[in-house]
Amino acid sequence: MADLASLQSGPLRDLPYRVAWRARGVHAGAHRGTSSGAGGLFRDLATLLEAPDPRRLDLRASLRDPFEQLYVRRFERSTAITIYALIDVSASMGFVGNMRKLEVAAAICAALSFSARRIGDRFGVIGCDREIVPELHLPAARARAGAVVAALRTFRPTRRGAGGLVDAAAQIAGRRKLVLLISDFQIAADELAAVFEALAAHDTVPIQLIDSAEAASLPRFGLLPLADLETGRRRLVVLRPSLHAAWQRERAEHEALLASLAARYARPPFRIVDRLDWDRLAAHLMEARG
Amino acid sequence: MALALSTPAVLWLAPLALLPLIVRLHAPQPYPSLAWLGGDPLSTALEVGLRLAGALAILALLLGIGGLHLAGQTTRQIGNGAHIVLVIDRSSSMDDSFAGSRPTAEQASKSAEARRFLRSFVSNGEHDMFGVAIFSTAPLQALPLTSHREAVLAAVDAIDRPGLSETDIARGIAMALSMHDDDPSAASRAIVLVSDGAGVIDRRVQEKLRAAFRKRPINLYWVFLRTANTRGIFEPPGAGERDVPQVAPERHLHRFFESLKIPYRAFEAERPDSIGDAVAEIARLERHPIAYVERTPAKNLSRLAYAIAALALALLVAARLAEVRITAERVP
């Protein structure tokens with residue numbers, strides 16, 4: 001049971017994250033950047049001719065130089081990055097078993113928005129089904145994402161497809177960004193590959209929402225009338241161990257595909273099964289990889 | 001097989017049977033993606049099967065309500081037997097016993113004895129068809145050729161009613177022949193003549209009979225119930241008696257029958273038991289392949305229809321009971 005308290009993202013809920021790459025950009029922030037400037041981490045020494053900033057003159061290094069050149073310390077400017085949460089809001093995300101997937105996604109967005117704002121990063125949300133959903137589109141800004149998070153909470157997913165994720169990737173093209181790809185990843189293999197390819201330029205963290213009611217906790221035997229949320233197709237399923245095994249195989253194959261795509265284009269996927277463990281998610285986001 | 005409905009109007013409701021094919025049978029539960037499912041033949045088969053069961057249940061109920069039945073029919077079958085016309089003497093002498101006196105407790109009348117044995121003869125002839133003609137002065141068609149056993153037995157039962165008047169065998173035989181003429185089938189035919197006397201047959205009548213017998217092969221059996229102290233049919237006339245029909249009509253009738261060149265046998269019964277022997281012998285001889293028509297009565301199939309409907313409904317109920325929900329602690 002997902003305790004609702006864990007999803008409450010008051011101002012106290014902080015979701016730390018870290019990137020292993022140097023951010024480009026001119027806005028001051030909390031991440032290591034490529035541009036050098038006055039403050040932050042020491043980067044290197046340069047001759048005064050290269051970096052004409054006599055305020056950072058390093059006397060000790062200058063005296064040590066037998067050629068008597070003057071050296072200036074250069075510092076990494078800490079830079080702000082842009083974070084995007086790309087949220088799959090196709091119909092399959094509307095499944096309510098042991099959790100509400102969109103509720104979890106909204107909670108993550110709220111926490112990220114709070115954290116990003118605190119350290120000066122820009123945060124944006126794009127909700128997509130087969131195209132970008134306008135009311136779930138928050139371009140990156142240093143504003144609070146409260147409105148869009150609320151919209152996400154009340155959103156009723158109905159449409160199918162994941163084409164919007166590719167469109168969203170095009171929208172956020174440009175400088176490298178941290179992208180949280182939140183989905184149940186019940187996406188056809190070719191579409192999934194297209195999404196990952198489109199996001200290859202960014203630091204993508206796939207966050208997979210898994211509801212155990214979908215598979216793990218189904219009864220062993222019985223008749224299960226199902227309606228596909230995405231296609232609306234109705235099927236009567238005769239549950240039995242052999243079918244469970246077949247499903248398991250299919251799922252494992254899909255997971256393997258997701259893992260291989262993630263290995264190629266993104267960070268390893270983070271699985272959220274039934275309830276969101278904030279500490280694990282934070283650890284995962286902090287465990288940056290180049 | 002002719003199926004029929006007592007109330008065909010219920011067929012107007014038959015399109016209802018399409019309902020299970022159209023409407024959904026279960027309240028489906030939302031599921032993220034059925035793409036995993038691929039084609040599961042068992043599930044598909046069950047889904048189709050349940051829909052068909054629903055359709056079948058409705059159809060069967062309608063047929064049950066409509067009174068489905070198997071219409072009565074006749075089937076041709078081959079058995080052993082023959083078409084036999086019993087020609088029975090109803091002259092008043094048949095009411096006497098074999099001793100020639102009034103019947104007593106010990107000695108039943110000849111007609112009663114004949115009735116007893118003819119009954120068993122009729123009852124045993126499983127596939128035979130019987131006709132009954134009775135004659136005294138004038139012949140009377142009691143029953144045309146039929147396979148209705150009860151009717152034949154009733155006709156045979158009637159022969160011990162008090163008889164009347166004289167014996168005119170020729171017209172009885174002629175009637176039997178005409179009864180055979182009415183029957184177009186190719187069965188083996190026989191005439192069983194039961195009489196206790198004979199009369200003189202006119203020569204012209206003899207010729208007519210001869211011609212009639214020539215038209216078609218008919219086996220002729222004569223069971224002669226010989227009263228005590230009368231002439232037998234095989235006995236030559238005694239010395240000094242003229243061998244003419246007027247003196248020994250039985251003997252001359254026998255000779256006339258023999259001259260017909262048809263399969264003919266005469267049985268002389270002087271005791272009741274001999275009638276049984278004769279009749280048994282006739283039954284043994286008259287066993288030829290015969291095509292007979294068997295009637296099957298209309299059969300009510302409503303119960304079957306209801307049973308099928310119940311089965312189909314039971315299947316549906318079982319499916320409903322076997323239904324499971326996605327077990328989840330629902331998020332409020």
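So you know, we letter chains A, B, ... as the sequences are listed, proteins then strands, and number each from 1. Computed from a predicted structure; not experimentally measured.
Between the OH atom of B/Tyr31 and the CG atom of A/Leu218 there is a distance of 5.5 Å, given to the nearest 0.5 Å. For the atom pair NE2 (B/His26) and CZ (A/Arg234), the distance works out to 11.0 Å, reported to the nearest 0.5 Å.
In this structure the side chain of A/Met93 never reaches within 4.5 angstrom of the side chain of B/Pro32, judged on heavy atoms. Under the 4.5 Å side-chain criterion, counting only non-hydrogen atoms from C-beta, B/Leu46 is in contact with A/Leu236. Looking at B/Gln29 and A/Leu224, their side chains come closer than 4.5 Å, going by heavy atoms from C-beta outward.
Taking each heavy atom of B/Pro30 and A/Leu229 in turn, the nearest pair found is CB-CD2, 3.5 Å. In terms of heavy-atom proximity, A/Ala227 sits nearest to B/Pro28 at CB-CB, 3.7 Å. Nearest heavy atoms, A/Arg235 versus B/Asp40: NH2-N, 3.8 Å.
B/Leu321 does not touch chain A: none of its heavy atoms, backbone or side chain, sits under 4.5 Å away. With a 4.5 Å cut-off on non-hydrogen atoms, A/Arg240 touches chain B through its side chain but not through its backbone.
Of the residues considered (A/Leu239, A/Val238, A/Thr231, A/Asp228), A/Asp228 shows the highest number of contacts with chain B, using heavy-atom pairs under 4.5 Å.
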Is there a side-chain contact (heavy atoms from CB on, under 4.5 Å) between A/Leu223 and B/Val324 once you walk through the steps?
CA-CA 6 Å; A/Leu223 293 182; B/Val324 293; 5.9 Å; no

